[in-house]
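So the structure is just underneath, and the comments pick up after that.
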8 protein chains.
Amino acid sequence: MMDLEKILKLVRTGDLDVEEAKQQITRDLGSPGTADLGFAQLDLEREKRTGFPEVIFGEGKSTEQLIAIFRRLTESIDRVLATRIDPDKAAAVCAAVEGVSYHEAARALTWFKRPILKVHEGYIAVVCAGTSDLPVAEEAALTAECFGSHVERVYDVGVAGIHRLFRRLDLIRDANAIVVVAGMEGALASVVGGLVSKPIVAVPTSIGYGANLAGISALLSMLNACSPGIAVVNIDNGFGAGYYAGLINKNLSKRA
Amino acid sequence: MMDLEKILKLVRTGDLDVEEAKQQITRDLGSPGTADLGFAQLDLEREKRTGFPEVIFGEGKSTEQLIAIFRRLTESIDRVLATRIDPDKAAAVCAAVEGVSYHEAARALTWFKRPILKVHEGYIAVVCAGTSDLPVAEEAALTAECFGSHVERVYDVGVAGIHRLFRRLDLIRDANAIVVVAGMEGALASVVGGLVSKPIVAVPTSIGYGANLAGISALLSMLNACSPGIAVVNIDNGFGAGYYAGLINKNLSKRA
Amino acid sequence: MMDLEKILKLVRTGDLDVEEAKQQITRDLGSPGTADLGFAQLDLEREKRTGFPEVIFGEGKSTEQLIAIFRRLTESIDRVLATRIDPDKAAAVCAAVEGVSYHEAARALTWFKRPILKVHEGYIAVVCAGTSDLPVAEEAALTAECFGSHVERVYDVGVAGIHRLFRRLDLIRDANAIVVVAGMEGALASVVGGLVSKPIVAVPTSIGYGANLAGISALLSMLNACSPGIAVVNIDNGFGAGYYAGLINKNLSKRA
Amino acid sequence: MMDLEKILKLVRTGDLDVEEAKQQITRDLGSPGTADLGFAQLDLEREKRTGFPEVIFGEGKSTEQLIAIFRRLTESIDRVLATRIDPDKAAAVCAAVEGVSYHEAARALTWFKRPILKVHEGYIAVVCAGTSDLPVAEEAALTAECFGSHVERVYDVGVAGIHRLFRRLDLIRDANAIVVVAGMEGALASVVGGLVSKPIVAVPTSIGYGANLAGISALLSMLNACSPGIAVVNIDNGFGAGYYAGLINKNLSKRA
Amino acid sequence: MMDLEKILKLVRTGDLDVEEAKQQITRDLGSPGTADLGFAQLDLEREKRTGFPEVIFGEGKSTEQLIAIFRRLTESIDRVLATRIDPDKAAAVCAAVEGVSYHEAARALTWFKRPILKVHEGYIAVVCAGTSDLPVAEEAALTAECFGSHVERVYDVGVAGIHRLFRRLDLIRDANAIVVVAGMEGALASVVGGLVSKPIVAVPTSIGYGANLAGISALLSMLNACSPGIAVVNIDNGFGAGYYAGLINKNLSKRA
Amino acid sequence: MMDLEKILKLVRTGDLDVEEAKQQITRDLGSPGTADLGFAQLDLEREKRTGFPEVIFGEGKSTEQLIAIFRRLTESIDRVLATRIDPDKAAAVCAAVEGVSYHEAARALTWFKRPILKVHEGYIAVVCAGTSDLPVAEEAALTAECFGSHVERVYDVGVAGIHRLFRRLDLIRDANAIVVVAGMEGALASVVGGLVSKPIVAVPTSIGYGANLAGISALLSMLNACSPGIAVVNIDNGFGAGYYAGLINKNLSKRA
Amino acid sequence: MMDLEKILKLVRTGDLDVEEAKQQITRDLGSPGTADLGFAQLDLEREKRTGFPEVIFGEGKSTEQLIAIFRRLTESIDRVLATRIDPDKAAAVCAAVEGVSYHEAARALTWFKRPILKVHEGYIAVVCAGTSDLPVAEEAALTAECFGSHVERVYDVGVAGIHRLFRRLDLIRDANAIVVVAGMEGALASVVGGLVSKPIVAVPTSIGYGANLAGISALLSMLNACSPGIAVVNIDNGFGAGYYAGLINKNLSKRA
Amino acid sequence: MMDLEKILKLVRTGDLDVEEAKQQITRDLGSPGTADLGFAQLDLEREKRTGFPEVIFGEGKSTEQLIAIFRRLTESIDRVLATRIDPDKAAAVCAAVEGVSYHEAARALTWFKRPILKVHEGYIAVVCAGTSDLPVAEEAALTAECFGSHVERVYDVGVAGIHRLFRRLDLIRDANAIVVVAGMEGALASVVGGLVSKPIVAVPTSIGYGANLAGISALLSMLNACSPGIAVVNIDNGFGAGYYAGLINKNLSKRA
């Protein structure tokens with residue numbers, strides 16, 4: 001946060017008067033780096049606080065709001081990620097703000113002040129049960145890449161043909177963190193969990209029908225996984241999983 | 001049902017008068033072989049109709065009711081199975097009715113007019129994920145045995161250590177029908193389903209905690225299994241699964 | 001799987017060197033017959049493993065993906081079934097891949113290298129409660145036919161007019177396996193279950209309204225059926241039921 | 001309610017002053033025949049208003065409260081019914097208040113100023129699927145009897161052996177109203193509904209296990225019954241069903 | 001059903017041979033008056049069995065199917081009711097089948113061989129909480145009218161302004177049966193139930209939002225109503241309620 | 001309500017005859033100030049009874065119905081508020097009824113006989129977690145303003161960046177009542193609740209995805225808030241919250 | 001919070017050195033008035049922050065923990081309230097800590113440094129539907145009294161006999177805030193809401209059975225109440241309702 | 001797994017015959033290090049595969065089974081952890097197996113061949129909302145410690161008094177992984193998530209009442225947390241969270 005010690009020293013030396021100091025302390029405690037767009041208070045110092053800049057959740061935001069947010073964020077921070085963007089809105093934002101790219105498979109927009117550098121060592125494995133789970137897996141992969149992790153994609157390895165998983169097991173085992181994306185009964189998380197020694201972030205997807213209950217079935221499966229070493233994010237929350245795996249990977253890399 | 005043709009012929013020949021014939025037809029359509037105990041109408045011809053005699057669901061029945069039912073059934077049919085019997089009631093029934101045995105692991109009572117003959121060829125595999133699922137698995141195994149199937153038990157082979165399953169895969173593959181019993185996330189059904197070509201009867205158990213929701217988690221998993229060849233019975237319904245697998249096995253045996 | 005004994009003998013005789021042998025064993029354990037389409041890993045040896053080739057679940061797959069999958073599968077396997085295909089996608093696939101047929105009532109695509117031969121003896125009865133349940137019943141019937149079973153359709157025999165069922169009871173009783181498709185309260189499964197001695201695969205449908213909860217009502221009914229001999233597949237899962245009944249029928253036929 | 005006309009006439013004639021009249025009108029609109037026990041406001045004129053006196057729901061009431069309520073009600077009304085009373089409380093109430101009887105099967109207490117007269121013509125059929133549903137069926141039967149209806153009990157006729165139902169169909173068909181009590185999948189209501197032309201009050205019971213969800217399964221089934229002519233009361237609410245059927249029967253009797 | 005006695009006498013006298021008699025008995029037990037349209041088995045004798053002819057549930061049926069059903073039913077029965085028909089399908093059916101009328105508020109089609117005669121004495125009150133519940137209330141009212149009951153509509157009398165209800169209480173009290181239609185929290189059923197002595201059929205509607213859960217909130221309220229004398233039909237099931245109330249009214253009228 | 005004393009005095013003096021008096025008392029008890037539009041009974045004296053005039057819930061009402069309601073209400077009451085109005089219907093109503101305004105952000109229509117006067121002292125704080133919750137927050141704010149409260153909007157202060165909340169805490173603390181609008185996990189209500197001494201009306205919104213369950217997640221959170229001083233209204237019910245806060249504020253203002 | 005200005009002035013004048021000032025600011029921001037018991041961090045300044053001292057939720061706390069908490073709190077604050085205390089624990093706490101009283105009906109313990117003074121003007125009405133809801137109503141009433149409000153109890157006035165409510169309507173109308181406690185279908189909240197102009201805090205209770213779902217039925221009803229002016233707290237949360245009503249009353253009293 | 005290369009070389013050189021080699025390969029693929037206790041297949045090489053030895057889930061296991069498992073595991077592995085052990089079973093196991101300790105707060109048994117060495121650098125913060133959440137928090141802490149992590153406990157810092165959290169924020173921020181344990185509405189996870197840059201494992205607890213739904217409320221909150229960097233384990237699954245955090249910490253330590 002603010003440099004409290006410095007302020008107090010200035011007060012002591014008389015270089016800052018009491019009222020001003022009081023205001024600075026109060027404000028800084030209150031609003032470090034917030035950009036007020038009226039409809040939104042952008043959190044410009046999220047990166048400082050949590051390690052990653054604020055990410056835009058696109059669902060329910062108008063094209064105008066998205067453009068305004070992109071314009072403001074690109075002034076102040078180095079990279080911007082917006083998820084859940086449909087192609088029409090994406091086109092409008094790309095047209096309005098220079099340097100924004102659309103990733104159709106992941107339904108996401110990104111903007112970088114400078115080329116992505118894969119700064120972190122090691123990699124994240126994004127493992128995905130079926131073809132229909134791809135958009136969520138891609139959202140996870142893109143998020144992790146966007147925050148500086150290398151990603152290995154291991155797709156369509158659901159347990160109905162478990163040999164497909166075994167063939168690529170070494171790649172999965174050597175990752176620093178593993179994202180497992182699965183719909184239907186979500187059994188893939190349990191199976192991978194019994195075979196590796198790395199933290200797994202499980203993402204249930206809403207793929208399936210009937211008693212799938214829009215992803216509740218996979219969610220419950222993953223929460224009840226008989227293998228330990230599995231933690232779960234919200235249904236279809238590829239972003240959350242990519243972020244979490246990226247966080248683990250970044251901390252490992254820093255340490256190394 | 002009744003021999004309608006015979007009745008009609010007797011009417012024709014005058015050996016049976018119209019009123020009597022009418023009564024016979026009506027009654028036989030209505031109540032073939034029912035024993036009325038007041039509180040229960042025992043279905044003495046269930047075996048003729050569905051291939052197995054009526055089975056007693058013990059939960060919520062008093063010791064007196066159980067004894068009365070056993071007494072009546074042992075007069076008319078060849079074998080009796082009663083499930084969900086706690087040890088105290090079991091002791092009372094065993095004391096009151098000769099020849100009744102209690103199977104503690106399966107919480108079931110059986111009675112046979114003559115020794116069980118394993119009449120059906122082939123066998124049923126009862127596959128069970130964890131130690132806590134044993135009572136349900138035993139209920140399934142005993143039910144199948146009671147109706148004349150040989151059973152192979154493959155216990156404690158949950159997916160957290162999937163090699164335990166692979167070791168015994170051949171035994172499972174060669175069964176005529178497979179019962180898979182699993183609680184928690186129930187992933188075992190999907191995994192077995194991807195590896196065999198025999199019908200699987202999946203039994204979710206209420207084993208687990210938290211978001212397991214007393215077995216709903218495993219139930220939903222099994223219904224949403226990404227492998228085909230899996231059908232599901234009610235939570236903890238070992239009896240239903242053993243019965244179903246026994247039915248498949250019996251029909252196969254008849255055919256052979 | 002691979003012929004391990006043969007490989008080892010070749011090693012022994014020196015006809016296969018150690019490194020090569022190691023690779024063969026490892027790969028074969030890992031990936032027997034998988035076709036990699038990038039977005040999908042087609043399981044070309046599913047039939048060898050589970051008795052039926054991989055079936056395409058059409059929901060959520062693009063027309064392009066479907067065409068690519070059909071093109072690849074028709075090269076390697078003898079028959080292809082794709083379910084949950086809407087008419088527009090169906091037309092595009094039929095135009096692009098020769099020999100593909102669309103079954104509108106069942107919303108499914110099929111392709112056969114050679115004419116279907118009804119190889120299995122006996123038949124499957126597909127019993128359906130109401131007119132609105134027809135698409136699910138047809139999916140079940142087509143699936144079973146596609147895998148070589150003869151099917152008898154017994155439609156619109158819901159319990160509101162139970163005499164309609166009794167009229168056709170003999171046909172149902174003589175089947176090797178029975179698929180019961182019902183929405184609303186799903187009582188048909190229980191009623192049939194009390195009258196026959198063949199395994200019943202019950203399919204709840206999402207037909208109904210209000211507290212039907214998109215099929216949950218029928219699903220719970222079927223899971224709680226007071227008649228034994230009933231196992232349940234997912235809501236609207238005609239494919240799963242047809243597959244399961246086909247599996248039972250095929251095994252019986254083999255045996256006979 | 002009060003006799004407003006009479007009051008106004010008294011005002012007119014000067015036999016009642018304005019203030020008094022005002023109080024009478026206000027109070028009578030507000031509290032006709034309420035007995036205040038502190039912890040309860042007994043509704044002494046419920047019978048006048050709705051055709052039946054207030055019934056005591058015993059669950060959660062202490063023995064002391066039950067005795068106090070019985071003492072007060074027996075002073076003012078002709079018959080008292082209290083449901084959901086366990087044997088211990090029942091014994092205490094019977095000991096404390098003269099003339100109270102306990103009906104163990106129905107878990108209910110009754111008291112009558114004079115012998116029950118079966119005043120209503122015709123009868124109510126209480127139809128029950130299984131032995132375990134008996135307490136709920138008895139609560140329904142006793143309630144109807146208590147309010148002056150003759151009851152015919154048709155027990156243990158669940159659809160797993162549907163011939164048991166057909167045998168007694170005529171008795172059911174000739175009732176003025178039919179109560180159907182069933183747990184598990186509750187299919188009995190639909191089947192009866194397709195065979196009769198009298199209003200059916202369906203009572204789901206909490207009998208069953210697993211995905212029965214304490215009666216929710218039977219409740220949903222009955223609400224979704226494909227036969228019309230069925231209305232549903234709360235799970236295990238034998239009282240409500242007996243009351244409702246009694247109401248129909250009483251109105252018919254009045255008319256006749 | 002068939003005249004069994006007559007058949008037997010003919011057998012006795014030799015006027016009917018045994019084989020023929022057997023067929024007649026079997027067929028008549030099995031299929032009295034069913035019209036087979038391929039996709040549907042129309043139940044032509046439902047009225048004889050349950051007091052009302054079969055009603056068409058329009059949802060999910062195609063225009064072609066509806067026309068075929070109307071054509072067939074109008075040949076054999078005296079009145080036809082089809083519910084859940086949208087305006088487009090309605091127009092097509094009206095154009096194709098003479099004498100069919102569309103009731104827009106109730107979203108229903110009717111056809112009568114001869115003018116409706118209000119044959120039953122007394123009337124049914126259809127009481128409705130809010131303007132948005134009107135379509136369901138109209139479906140109930142039309143159904144009752146269609147089957148020969150007079151209906152009094154008491155609309156928009158929800159408990160937020162309970163005086164609106166009191167004003168029309170006498171009309172409600174004098175009905176033979178009362179349909180209460182309410183969405184949101186469905187409290188109207190309880191309030192009416194505390195004030196009348198006639199059977200109430202409560203219809204929860206899906207009107208509301210948020211935690212209304214598409215009618216589940218009102219459904220649970222009505223099932224848990226603290227007033228007795230209330231039975232419940234499925235959410236939005238105006239037809240079921242009108243039918244049920246009509247059944248009570250018809251039986252009363254017959255008796256009178 | 002009516003002036004009962006006055007009526008009685010007139011009766012006494014003979015200036016009102018008994019029959020007339022009876023009618024007046026009965027009618028007034030029954031229908032004070034209701035306008036009957038056929039499809040709706042407008043409650044013209046709601047304000048007298050509950051402090052606010054009746055508010056129109058627009059969802060499910062046709063444009064014609066809305067216009068009729070506005071026309072009738074603007075004749076009799078001073079201000080009209082209609083919520084859940086989409087832009088098309090709004091345009092039609094504004095065109096048809098003079099003086100009606102549309103508030104797009106709040107999706108509401110208002111009409112005032114005379115300019116709004118902010119009559120109540122103090123103010124209400126409407127606190128909102130995210131940009132996507134704005135429509136609900138605006139509905140709350142407009143409702144409160146419409147009924148005479150000053151509103152301070154504190155938007156986009158969700159707990160992911162809790163400093164944004166602290167910055168504006170004083171404004172929140174000094175309100176007479178606080179509306180907290182939040183979707184996703186709804187944690188904002190608990191956090192604000194731990195920091196202020198004013199009643200909080202929490203509004204869960206349906207913003208979120210996956211296991212958000214259309215607002216159920218936030219609803220449960222708010223009901224289980226570990227801070228006291230929080231009461232909850234229905235999901236997305238901005239109107240209810242604004243009304244409730246307005247009620248508290250008005251009562252405070254009256255008192256002051 | 002801390003007096004920041006004073007600290008800064010002391011820094012300026014040199015009476016406080018920078019390091020000390022930094023610590024004071026940091027700590028005070030962090031932990032004003034917390035008592036650390038190891039297993040609990042008692043919040044001694046909750047009253048300053050939210051207007052009421054911290055209340056102890058007794059469920060799940062051991063007798064030892066309760067005694068330790070009471071001992072510590074009675075040293076620092078003026079009144080202590082602990083809810084959800086069973087009689088055994090209560091006796092132990094009363095024996096160990098002087099001046100603690102147990103309120104059996106409300107299952108709560110209280111301790112006051114000095115006699116309760118009813119400081120606030122006006123009163124709160126606690127309205128309760130049935131006898132079984134009393135413990136929750138008493139918890140609400142005691143909580144409000146404990147924090148200085150006068151309470152009027154209006155018990156057993158459920159809508160099954162709505163005249164009981166009307167009789168006491170004036171008492172309810174004149175309260176500053178109204179707590180409505182109801183189980184089963186919870187309709188009482190809606191009915192009261194349509195009749196008064198004061199804020200209502202609705203408390204659903206878990207009283208009922210079957211589809212009551214342990215209070216969910218009443219909870220949903222109250223959230224969906226068609227009358228505005230109702231906000232809801234958690235099931236059985238008498239404390240929360242009494243607290244909320246007390247907060248409204250206190251603020252009104254302060255203002256007056 | 002096995003050393004395939006070595007086996008193949010021995011085959012080549014003739015030091016191992018083909019049959020034996022085949023058996024070794026097959027068995028090792030199938031069952032590396034499983035101890036068969038009949039009722040359980042202990043996974044002795046779990047540590048090799050996943051980094052931690054198998055942990056015993058005590059619920060539903062008999063004392064005899066626990067003792068047998070402890071006896072067998074202590075022969076083969078270095079440390080044993082058993083969770084969900086009640087005090088009675090614990091005493092029996094401690095008496096029967098030397099060196100086993102019971103941790104009452106965590107309800108867990110541990111056994112170590114040699115003293116625990118805190119091998120991993122850095123630490124895990126276990127943060128807990130309320131006193132009632134302690135057993136779950138302790139299970140998490142003990143699990144992490146048992147697998148070699150240092151743990152800092154930060155207890156009773158729920159958001160109702162958010163300053164308690166801020167006071168200890170630095171300790172939380174510097175952890176390598178953070179376990180957040182909270183019941184009720186579980187808001188603590190979101191708040192911590194907005195303030196730190198380390199991965200958070202959130203554990204919902206079943207603490208609360210009413211609409212808490214045995215932990216579902218907190219579970220949904222945590223899954224829907226508006227802050228990223230949060231992944232969730234099952235309700236009350238302290239073990240899973242401690243394991244997961246331990247896994248992250250161990251990998252970091254290895255790297256460092």
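In what follows, chains carry the letters A, B, and so on, assigned in the order in which the sequence lines appear, proteins first and then strands, with residues in each chain numbered from 1.
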Open item on the list: My understanding is that only residues two or more places apart in sequence, or in another chain, count here; which of them pass side chain to side chain contact (heavy atoms under 4.5 Å, CB included) with G:I172?
Closed with: G:V127, G:V154, G:L165, G:I178, G:V192, G:V196
- [ ] Please look at E:L213 and chain G and tell me whether the side chain, the backbone, both or neither of the residue comes under 4.5 angstrom of a heavy atom of that chain.
- [x] side chain
Interface of chain E and chain G, donor-acceptor atom pairs under 3.5 Å:
unit_1, atom_1, unit_2, atom_2, d
E:E185, OE2, G:S190, OG, 2.2
E:E185, OE2, G:C226, N, 3.1
E:S190, OG, G:E185, OE2, 2.2
E:A211, O, G:N224, ND2, 3.2
E:N212, N, G:N224, OD1, 3.2
E:S217, OG, G:L220, O, 3.4
E:S217, OG, G:N224, ND2, 3.0
E:L220, O, G:S217, OG, 3.4
E:S221, OG, G:S221, OG, 2.1
E:N224, OD1, G:N212, N, 3.3
E:N224, ND2, G:A211, O, 3.2
E:N224, ND2, G:S217, OG, 3.0
E:C226, N, G:E185, OE2, 3.1

TODO: Identify the two heavy atoms, one from G:A187 and one from E:A187, that lie closest to each other, and give their separation to 0.1 Å.
DONE: CB-CB, 3.4 Å
TODO: To the nearest 0.5 Å, tell me how far G:I162 CD1 sits from E:L195 CG.
DONE: 6.0 Å
TODO: Under 4.5 Å, counting heavy-atom pairs only, tell me which of E:A225, E:A182, E:G210, E:P228 racks up the most with chain G.
DONE: E:A225
Task: Among G:A218, G:G194, G:A211, residue most engaged with chain E (heavy-atom pairs, under 4.5 Å) - done: G:A211
